Every structure is written in C-alpha cells, then in structure tokens.
Amino acid sequence: MKKELIRPYGDTLNDGKIQFSFSLPIGPGEIGKEAARIILKQLGLEDIEICGMRDLKGGFTQFIAYASTSAGVDPAEIKVKTVDTPVMDMEATDEFIASHLGREITVVGACIESDAHTVGIDAIMNMKGYNHRYGLERYQYINAINLGAQVASEDLLRRARDEKADAILVSQVVTQKNIHIKNLTKLIELAEAEGLRSQMLFICGGPRISHELAIELGYDAGFGTGSYSTDVASYIAITLAGQRAKA
Amino acid sequence: MLKLNLHPQTVERARKAAKGIAGSFDWLFRDYSSLTIERSIVRLMGIDGADADGRPLPNLVVDHLAAKNLLSRGAAFAIANAMVNTGSTAQEVAEQVADGKLDLSTLQPASEDAVAAVLDQISDQALAQIREQREFRESQFALYGPRRQPAIYVIVATGNIYEDVKQAKAAALEGADIIAVIRSTAQSLLDYVPFGATTVGFGGTYATQENFRIMRAALDEVSASEKRYISLTNYASGLCMPEIAVMGAIERLDLMLNDAMYGILFRDINPKRTLLDQYFARMVNAYAGIEIQTGEDNYLTTSDAIEKAYTVTASQLLNEQFALVSGIKPEKMGLGHAFEINPEVENNFSLELAHAMLTKALFPNSPVKYMPPTKFASGNIFQTHLMNAMFNFIGQLTGQGVQLLGMLTEAIHTPHIADRSLAIENAQYVFNSVKDLSTELCLAEGSFINTRANTVLEEATFFLEKVEDEGLFTAMAKGDFADIRRPENGGKGLDGVFRKDEAYLNPFLSKMKTELELS
C-alpha cells in the first residue's frame with residue numbers, strides 16, 4: 001500500500017516550508033545570524049532564510065526565518081485519543097439527562113492548588129458561560145458548584161464526596177515548570193487513596209491540556225483550548241448515561 | 001478634539017453615592033487592626049529577617065503577641081516597651097522573641113513617656129527614610145523628564161528574580177517605562193511575605209523585600225544610562241497588602257496594584273479584613289508617593305464586557321473614594337479598565353472607545369490604567385497581536401495614563417523575551433502613528449459613542465445608589481458585585497482582624513495622617 005505522506009505547505013505541494021521565530025542570547029549581527037542558521041540546520045532543515053533579525057537589547061536577538069523540511073507524515077497511521085461523544089446544545093443536554101438519567105446531576109469544579117486563574121473554570125461553569133454558550137450553572141439538570149481558585153485538592157474531594165458529585169472538573173491554567181501536571185497528579189492520587197476515583201468522573205481542562213494527557217494522568221477526559229461548556233456537559237451526560245446502561 | 005459630553009448631574013450623583021459608601025467605614029478604620037497591619041508596623045520599626053525555617057520575624061513577633069494576648073494594644077507598644085526594658089534595638093527584641101529567649105508578656109510596662117519617646121524616634125526615622133525615597137523619585141523625574149503618556153508598562157514573570165532582571169533591563173532599554181514583576185500565583189493567599197531573593201515561582205516571582213531591592217537597583221542602572229526614570233511596580237494585595245506596601249515604600253517601588261475590593265471579590269478574602277488592610281496600605285502608598293493601580297479589568301474577565309461595563313465604572317468610583325479617605329491624590333490614582341469586548345461583536349471598537357473615553361473623562365487628572373485583551377486572546381498569536389494594536393490605538397487616542405501592553409502569547413505562556421519586545425514595538429508604532437490624531441477628531445452629534453458612555457455612566461450610578469442604600473457588605477453578600485457572593489463574615493483572614501483597645505498605639509498611622517492632612 002502506497003503511503004500518502006503530507007508535508008508543510010507554503011505555496012507549492014510538498015515544499016515543506018516552515019516559519020520560525022526564536023531568540024538567542026547573542027547580540028544582533030552576522031555571527032548571531034549565522035548562529036540562528038546553524039541551529040535550524042541542526043534541526044535538519046534546508047533552504048534556510050533568516051529574513052528578520054530584531055535587537056531585543058541586553059544581548060538578545062530575535063530571528064525570524066523560513067526553511068524547508070523533508071519530514072512528512074502519513075495521516076492514515078495517526079491515532080489520537082479524542083473525546084468522541086457528540087456535542088449537544090444546552091436544551092438537548094438537559095433533555096438527554098432528564099430522559100436517560102431522570103435526575104439532576106452534580107458537577108463540582110475548581111482551579112486547584114496554587115492556580116489562581118479562574119478564567120477557564122468560569123467559562124465552563126458560570127451562568128454566563130463564554131462565547132454564546134451558557135455555563136453549567138444555567139443547565140436545568142445540572143447542579144453546578146464552582147469552588148473558584150486556589151482550592152486544595154483535599155477540599156475539592158471532600159466537597160465532591162459531600163455533594164455526591166457525578167463529576168469533578170479541574171482547571172489548570174498556569175503551566176510554568178509543569179506545575180499543572182504536579183497538581184493534577186496530586187488530585188488523582190488522593191482520589192485513588194480515598195476510594196473516590198471510581199465514584200465519579202474526573203475531568204480536567206486548560207490551555208495546555210489534551211484528552212490524551214488527561215487519560216495518561218488517569219482522568220476520564222481532558223478538554224483543551226477551544227472547548228466550551230457544551231462539550232463538557234455533553235460528555236458528562238452521555239458518559240453517565242452509558243455507565244448506567246452498563247450497570 | 002475628541003471629547004465626551006457626559007451629563008454632569010449624573011457624574012455628581014455617582015460620586016456622591018460612592019463617597020457615601022466609602023465614608024461609611026469610619027468605625028472599621030478607627031476601631032480595628034489586623035495581623036498584617038501589625039506586621040507592617042513591625043517592619044516599619046526596622047524588623048526584618050526570618051528564622052531557620054524561613055518564618056519571617058514580623059510573623060513570629062506578631063504571632064507571639066497574639067498568643068500572649070498582647071495584640072490589642074498594638075505591636076508598636078509591645079516592642080517599644082521591650083526596647084525600654086531591655087535596652088535592645090527593635091531587631092534584637094524580635095530576634096530574642098523568635099529564639100524563645102524573650103517573653104514579652106513578662107515585661108513590666110515602662111513609663112508612658114519613655115515608650116512614647118522610643119516610638120517617636122523610631123517612627124520619625126522610618127518615615128524619613130520613606131520620604132527620602134519619595135524625594136529621590138521626584139528628583140529623578142525632574143532630572144530626566146516626566147513619564148510618557150500612555151506609559152509603556154510590561155510584565156516580567158519568570159519566577160526567578162535574576163532572570164527577571166535580564167528581561168526587565170532588555171525591556172527598559174527597548175522603551176518600557178514601567179516594569180511589573182508578576183507575583184507567584186499563590187502569593188495573595190499567603191499570610192506572610194517570603195524572605196530573601198527567590199528563584200522559583202509559578203506564573204511569577206515572589207514579592208519579597210530583597211527581590212524588590214534587586215530589581216530596583218537594576219532599573220536604576222538603566223535609568224541612569226537611558227536618562228529616563230524606569231518605574232517599578234508590584235502588588236500590594238492579598239493577605240499581606242499593607243506589609244507589601246511598606247516594603248515597596250522602603251525599596252522605592254513607584255506603583256502598586258492596590259485595589260480596595262479585589263481581594264474580597266476575586267480572592268475570597270474577608271471583606272472587613274480587606275477594607276481595613278487597604279485603608280492602611282493606601283495611606284503608606286500615599287505617604288510614599290506611590291501611584292496605586294486598581295483591578296477593574298477583573299470584572300470583565302469574569303463577566304461580559306458590554307453588559308457589565310458599568311461595574312468597572314462603579315468600582316473605579318469606589319476605588320477613588322476609598323483612596324481619598326487614605327490620602328491618595330487623584331494624580332496618583334491609576335484607576336483600571338480593560339479592552340475585553342468580544343472581537344466578533346460588530347462595532348466593538350466603538351464600544352471600547354466609548355468605555356475608554358468614559359474612564360478618561362471621569363478621572364481627567366488620574367493616570368488611568370488600561371488593560372489589554374486577555375479573554376479573547378487565543379493561541380492564534382497573529383490575531384492577538386492585531387487586537388493589541390487596536391487596543392494601543394485607543395490608548396493613545398484617549399490619552400490613557402498607563403498602557404499595560406498586551407502580549408501576543410497572552411493565552412499561551414508568561415512572556416518570552418521576544419514577545420515583550422514585539423509588544424513594545426507594536427505600542428511604539430501605534431502611539432507614534434496616531435500621536436496627535438485626537439486633536440483632529442470630534443464625535444458626531446448624538447453619536448453612538450457619546451450615548452453609550454452616558455448609558456454606562458447611568459447604569460453605574462443606579463448601581464452605586466442601590467449599593468449605598470443596601471450597604472456595601474450587604475450588596476457583596478447578595479452577589480451584586482461580579483456575580484460573586486461574599487458574606488461579611490466569610491472568606492479568608494477574618495480571624496486576623498481584632499478590636500483595638502483604648503491604649504492602642506500606631507505612631508506611623510498618626511504621623512502619616514497628620515502629614516497627609518487627614519482627620
């Protein structure tokens with residue numbers, strides 16, 4: 001079977017063109033420019049053109065470059081883990097919960113540990129929602145409890161247990177030095193230790209979180225940039241209904 | 001000339017309501033103090049350092065006083081009394097307390113005159129030091145000329161103060177006027193200020209006195225070489241708000257994020273604790289000549305920027321009145337607002353312009369602080385860079401005081417060095433391009449922009465009058481602000497608020513009030 005490799009596209013199929021922008025701790029000049037070119041060469045690139053050089057002062061320079069790669073990939077061989085449940089709007093999700101579960105479901109959410117940035121959890125949970133999608137608080141069949149920022153993992157789990165939550169939503173926005181991985185791992189380990197892991201869905205979200213990463217960390221699902229309340233609510237409703245059907 | 005026509009009676013009503021609200025907390029400011037206010041006093045008395053476990057001496061001393069029931073008279077008295085009794089300096093007293101060698105409850109009260117003399121001398125000395133820093137700053141601006149308007153404000157946030165220094169210097173050399181060292185994400189809820197230089201933080205760098213000193217020295221170097229005074233800012237907010245204000249006053253920070261209500265609404269810090277702390281923190285800022293900045297942008301990152309535009313205006317007016325109570329002059333009030341309208345909304349630029357002009361018109365003498373798009377900044381850095389240009393356009397067109405530059409990578413990471421440089425390039429290009437454009441323009445009669453600004457003002461006025469009727473604490477408990485319910489006795493830090501007894505002393509507060517001509 002013939003492989004259909006695809007390559008980066010500039011203006012001609014298979015030209016392999018890629019745009020680069022990076023900085024080096026060196027002043028602007030021919031030596032800096034050559035350093036930038038060599039770094040791209042070491043990456044295996046060809047037709048390297050350093051088209052922009054910006055003095056960042058203090059001994060730093062930014063380089064803007066174009067280059068060609070011979071790397072290619074066969075999309076038919078790619079497997080990624082994605083959240084596969086269909087996405088319903090708020091009304092459809094409410095109706096789905098009513099008919100398939102016949103009760104209100106409880107979702108407890110928080111930005112855990114050191115993370116003080118509620119923008120993600122708020123976009124998903126707050127009444128108002130984000131970009132024309134109402135948040136979970138607005139759903140008739142969802143009891144949404146948003147604990148806000150800097151919530152200790154222990155507190156989130158305690159609340160989830162008290163509320164008999166169906167799902168836990170964790171947001172992690174700050175990712176410097178992989179702090180989000182540490183925080184998410186801590187929560188899941190505590191949940192395992194307390195026997196809560198199998199009691200409810202564990203879902204995480206944030207700009208640097210993918211479904212694949214979430215699965216790897218032991219969560220049921222992960223939602224990255226571009227996810228809306230509708231994605232999360234549909235996933236929860238359909239997954240819970242599926243679990244119920246199996247039980 | 002681009003100018004709004006606001007209804008003057010509405011402006012007056014809005015200010016009157018805000019003044020009524022801010023003026024109703026005399027009882028709190030007069031009768032109460034907090035752990036962090038006492039620690040601020042301890043710091044002003046010259047006590048600094050930490051024990052082997054990293055616990056700051058100001059905390060050890062104040063916790064000792066609390067444990068021995070000595071706090072209601074104030075830390076100033078207890079320490080001065082120990083100084084009279086033992087002949088030690090304040091620092092030595094603190095060290096002995098920290099070592100467990102001195103129990104302040106075992107000391108006899110010295111004569112009132114002796115204690116008063118010690119406090120008088122020690123407070124004069126501390127205030128003189130702060131005054132010198134203020135005068136030095138003023139002399140620098142006199143020497144090199146005033147800050148540009150809008151000033152170019154950029155952040156550094158590597159977590160490592162030494163790495164921050166490199167980036168801050170580069171940014172200043174490229175044209176930044178103000179450098180903000182973003183704090184580590186968890187610091188607002190720490191009930192102590194970490195000690196010493198720090199190299200690990202998350203989403204930012206810890207605010208410590210040593211970090212302040214390191215960055216100030218680095219920026220002083222650049223100021224001298226560039227012949228342009230580079231300002232430094234940090235955050236006097238969270239559970240240690242007044243302590244950080246004191247540290248900033250001593251180390252000559254030039255601006256401080258210092259909002260009256262932000263901690264309550266967005267960090268769930270107790271309302272009484274926050275208002276009390278901001279009263280003293282802002283007085284320190286006023287005395288030190290530090291420009292405060294307020295955090296109204298937060299209302300728009302959590303709610304819709306059109307629907308809730310009035311909450312920004314209402315908060316600005318409240319922040320203004322609370323600042324006046326603490327002695328801050330309008331020219332030191334960086335009241336905040338933000339460019340956060342959904343870019344898909346038709347005519348969003350006109351709406352943003354209306355809001356920006358409203359802020360400028362309401363506070364013509366204040367260096368109002370304009371915050372960049374964040375909510376609709378995405379991984380598409382090219383689009384974000386373009387939005388930042390539109391934001392910069394409004395900043396120059398409306399003469400904002402401080403332009404907090406947006407980063408093209410806002411949605412991705414704390415800024416890389418080139419991101420910041422591109423932001424400065426963007427601002428300089430736009431500012432220069434439209435420098436005097438506003439003098440060439442005026443609004444059409446019955447213009448949408450003018451109508452919109454008046455609508456927001458009316459909504460804010462209505463809201464403030466309702467809050468004045470209900471009382472601020474009731475309104476917060478009901479969730480009137482930012483749709484977040486904050487009960488008067490809820491939130492963090494209430495147990496750190498205590499009632500002063502009649503013999504309570506805070507010589508710094510009394511002297512600052514006198515010099516700032518406050519009653």
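The structure displayed is predicted, hence computed values, not measured ones. Chain A is the first sequence line, chain B the second, and so forth, proteins listed ahead of strands; every chain is numbered from 1.
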- prompt: What part of A/Asn146 is in contact with chain B, defined as an atom under 4.5 angstrom from a non-hydrogen atom: side chain, backbone, both or neither?
  reply: neither

Out of [options], which one racks up the most heavy-atom pairs below 4.5 Å with chain A?
options                      : result
B/His413, B/Arg267, B/Gln167 : B/Arg267
B/Glu425, B/Lys166, B/Arg420 : B/Glu425
B/Thr158, B/Thr301, B/Ile412 : B/Thr158

Is [X] in contact with chain A via its backbone, its side chain, both, or neither, using a 4.5 Å heavy-atom distance?
X        : answer
B/Glu307 : side chain
B/Ala157 : backbone
B/Phe376 : both

query: If you look at every heavy atom in B/Ala411 and A/Pro207, which pair is closest and at what distance?
result: O-CB, 4.1 Å

message: Show the nearest heavy-atom pair for residues B/Ala170 and A/Leu56, with the distance to one decimal.
response: CB-O, 3.4 Å

field: Heavy-atom pairs under 4.5 Å with chain B, option from A/Gly59, A/Ala123, A/Ser114 with the top count
entry: A/Ser114

message: Do B/Leu422 and A/Arg54 have side chains that approach each other closer than 4.5 Å (heavy atoms only, starting at C-beta)?
response: yes

message: Any heavy-atom pair between the side chains of B/Ser188 and A/Gln150 that's under 4.5 Å?
response: yes

Would you compute the distance between atom [atom1] of [X] and atom [atom2] of [Y] and round it to the nearest 0.5 angstrom?
X        : Y        : atom1 : atom2 : value
A/Asp122 : B/Lys375 : CG    : NZ    : 9.5 Å
A/Lys57  : B/Ile417 : NZ    : CD1   : 11.5 Å
A/Ser23  : B/Asp419 : OG    : CG    : 8.0 Å
B/Phe202 : A/Lys182 : CZ    : NZ    : 5.0 Å
A/Thr225 : B/Asn380 : OG1   : CG    : 12.0 Å

Within 6.0 angstrom of [X] [atom1], more than 12 heavy atoms from elsewhere:
X        : atom1 : value
B/Arg485 : CZ    : no
A/Ile31  : CD1   : no
A/Phe22  : CZ    : yes

